[in-house]
Amino acid sequence: MKILVINSGSSSLKYQLFNMKDESVLAKGIIHRIGIDNSYLEYEYGIDQELTIEKNIDDHKSGIQLLLDTILDKEYGVINNIEEIEAIGHRIVHGGEEFASSILIKDSDLSKIEKVSDLAPLHNPANIMGIKVFNELMPDKPQVGVFDTAFHQTMPKKSYLYALPYSYYQDYAVRRYGFHGTSHSYVARRAAEMLNEDLSEIKLISCHLGNGGSLTAVKNGKSIDTSMGMTPLEGLVMGSRCGDIDPAIVPFISEKEKLNIKQIDDILNKKSGLLGVSGISSDFRDVEEAAKNGNERAETAVELFNYRVKKYIGAYSAAMSGVDVIVFTAGIGENSISARNEILAGLEYLGIEIDENRNNCRGQEQIISKPSSEVKVLVIPTNEELVIARDTVELLNN
Ligand code: ADP
């Protein structure tokens with residue numbers, strides 16, 4: 001069974017074609033600069049074969065058509081007939097309170113996804129566009145929606161409600177939703193498998209540290225709290241997002257710098273975090289490098305980043321009355337040996353003992369705690385696309 005996984009953004013679209021017989025990836029890539037000059041399709045296939053097709057891509061429909069033509073191409077295609085694709089799985093950023101699991105998309109669902117679009121105005125409309133184009137181009141193929149927020153719908157009210165006037169929750173659905181749910185649920189399950197534990201019996205903290213980052217407390221297999229909020233701005237220090245701040249800073253800076261709300265929102269999302277503090281880059285590697293070379297602000301940025309993660313580990317250990325497993329994933333979690341070291345330093349009192357040799361790894365599944373460590377610590381590369389493909393197969397089979 002072949003499943004096409006689509007992550008449709010406003011001006012780019014990521015795709016992966018899976019052969020679910022062995023969960024191998026037949027082709028993957030990105031369509032860049034949709035509706036902008038110099039658009040192109042990046043395509044990886046076979047064993048490390050790559051191709052770039054430069055072409056005018058005016059809209060999502062022509063981009064997706066180009067993608068389908070490419071995977072069907074006589075020379076470099078990976079399937080012979082479009083009918084080989086059994087279904088399309090879509091990543092959808094926001095499911096609001098409406099969607100607590102993945103769905104086989106019906107027409108009536110589109111309006112429900114549209115309804116929560118004001119909670120993710122940059123993402124949901126682009127996700128919906130992807131679904132609509134496939135409805136046109138492959139009308140008889142089932143489409144599945146997998147929501148970044150769905151995994152966190154198990155959070156109790158004390159975790160998701162903000163202490164604001166209650167009517168904001170009732171009237172505008174203002175609450176914590178959390179994101180990266182597909183990733184957190186994937187690594188939690190995989191960790192239990194690797195440790196031969198029953199996920200429904202353990203307390204796990206999953207640290208998704210990428211450009212955007214979030215921590216999730218997973219108790220008995222369910223998300224009970226997560227660091228991102230109504231939007232992906234809350235929580236950790238991120239590449240260019242500030243994470244937790246005192247909300248009173250907003251009116252204060254507005255007054256001082258004569259900025260309106262929209263401008264401040266932009267600063268909090270795009271000019272803060274590692275970039276804002278270091279003044280160098282939003283990319284963790286660049287900032288770490290500058291810190292090693294003695295740049296003080298870069299050093300401070302890295303310290304802030306690691307310290308915030310450490311604090312959330314403490315908070316979530318308290319929330320779950322302990323922790324059995326900690327998992328690191330995404331670009332920084334999978335690759336930064338020093339970040340993992342510094343985040344976990346001083347947490348021996350929780351029963352965490354890190355094995356330096358084991359921690360000396362990048363981008364591979366690895367238990368990095370000592371055998372004697374009460375808390376098991378793991379590195380697990382995330383694979384959100386595979387979860388989407390698996391959910392798609394599961395929903396088709398049901
Ligand atoms: P996204 O959220 O865009 O999917 P990723 O999960 O790819 O992000 O993570 C990107 C982050 O991972 C960047 O900050 C990058 O610097 C960091 N990163 C990637 N490789 C390394 C590495 N070897 N050491 C430290 N950080 C790394």
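Each ligand, and each atom within it, is numbered from 1 in the order the structure gives.
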**Student:** Return yes or no for this condition: an N or O of L209 is under 3.5 Å from an N or O of ligand 1.
**Tutor:**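 Not met; the criterion fails.
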**Student:** Tell me, which protein residue and heavy-atom name are nearest atom 14 (O) of ligand 1, and how many Å apart are they?
**Tutor:**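 Answer for atom 14 (O) of ligand 1: F284 N, 2.9 Å.
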**Student:** Provide the number and element of each atom of ligand 1 under 4.0 Å from a heavy atom of A330.
**Tutor:**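 Within the 4.0 Å cut-off of A330, ligand 1 contributes 6 (O).
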**Student:** Consider every N or O of S282 and every N or O of ligand 1, then say whether any pair is closer than 3.5 Å.
**Tutor:**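 By distance alone, the answer is no.
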**Student:** Looking at Y162, I want to see if its OH is surrounded by more than 12 non-hydrogen atoms of other residues, nucleotides or ligands under 6.0 Å.
**Tutor:**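 Atom OH in Y162 is packed in, count exceeds 12.
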**Student:** Does the protein place a non-hydrogen atom closer than 4.0 angstrom to atom 9 (O) of ligand 1?
**Tutor:**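 So far as the 4.0 Å threshold goes, atom 9 (O) of ligand 1 is in reach of a protein heavy atom.
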**Student:** Would you mind running through ligand 1 and noting each atom that sits below 4.0 Å from a heavy atom of G331?
**Tutor:**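 Selected atoms, number and element: 5 (P), 6 (O), 9 (O), 12 (O), 17 (C), 18 (N), 19 (C), 27 (C).
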**Student:** How far is atom 26 (N) of ligand 1 from its nearest protein heavy atom, and which residue and atom is that?
**Tutor:**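 Here the nearest protein heavy atom works out to R285 CG, 3.6 Å.
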**Student:** In terms of side-chain heavy atoms, does N341 have a donor or acceptor partner in S338 at a distance below 3.5 Å?
**Tutor:**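 On atom types as modelled, these side chains do not qualify, holding no pair under 3.5 Å.
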**Student:** Give the contacting part of R362 toward ligand 1: side chain, backbone, both or neither, where contact means a heavy-atom distance below 4.0 Å.
**Tutor:**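 It is the side chain that gets close, since no backbone atom is under 4.0 Å.
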**Student:** Does a donor on one side chain and an acceptor on the other come within less than 3.5 Å for T216 and T226?
**Tutor:**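 On atom types as modelled, these side chains qualify, holding a pair under 3.5 Å.
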**Student:** Answer yes when D148 and R91 have at least one side-chain N-carboxylate O distance shorter than 4.0 Å, and no when they do not.
**Tutor:**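 Yes, this pair counts.
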**Student:** What I want to check is whether the side chains of S281 and D283 have a donor and an acceptor closer together than 3.5 Å.
**Tutor:**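 No, no side-chain donor-acceptor pair sits under 3.5 Å.
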**Student:** Show the atoms of ligand 1 that are less than 4.0 angstrom away from any heavy atom in S336.
**Tutor:**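 Counting from 1, the qualifying ligand atoms are 25 (C).
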**Student:** Just to confirm my output: which protein heavy-atom neighbour is closest to atom 17 (C) of ligand 1, and how far is it?
**Tutor:**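 Here the closest protein heavy atom is I332 CG1, 3.6 Å.
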**Student:** Considering heavy atoms of the protein only, find what lies nearest to atom 23 (N) of ligand 1 and give residue, atom and distance to 0.1 Å.
**Tutor:**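 Checked against all protein heavy atoms, atom 23 (N) of ligand 1 sits closest to N335 CB, 3.4 Å.
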**Student:** I'd like to know whether NZ of K2 has more than 12 heavy-atom contacts from other residues, nucleotides or ligands below 6.0 angstrom.
**Tutor:**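 Correct, the count exceeds 12.
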**Student:** Between N211 and ligand 1, is there a nitrogen or oxygen pair with a distance under 3.5 Å?
**Tutor:**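 Right, the criterion is met.
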**Student:** Hey, are E42 and K28 close enough for a salt bridge, meaning a charged N less than 4.0 Å from a carboxylate O?
**Tutor:**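 A salt bridge is absent here (no side-chain N lies under 4.0 Å from a carboxylate O).
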**Student:** Scan F99, Y177, F147 and name whichever one has a ring-ring contact (aromatic ring centres under 6.0 Å, His included) with H94.
**Tutor:**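 The option that passes is Y177.
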**Student:** What atoms in ligand 1 come closer than 4.0 Å to a heavy atom of D283?
**Tutor:**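 Checking each atom against D283, I get 13 (C), 14 (O), 15 (C), 16 (O).
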**Student:** Non-hydrogen atoms of G212 versus ligand 1: any pair closer than 4.0 Å?
**Tutor:**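 Contact present.
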**Student:** Thinking salt bridges, do R190 and E197 make one under a 4.0 Å N-O criterion?
**Tutor:**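 No, this pair does not count.
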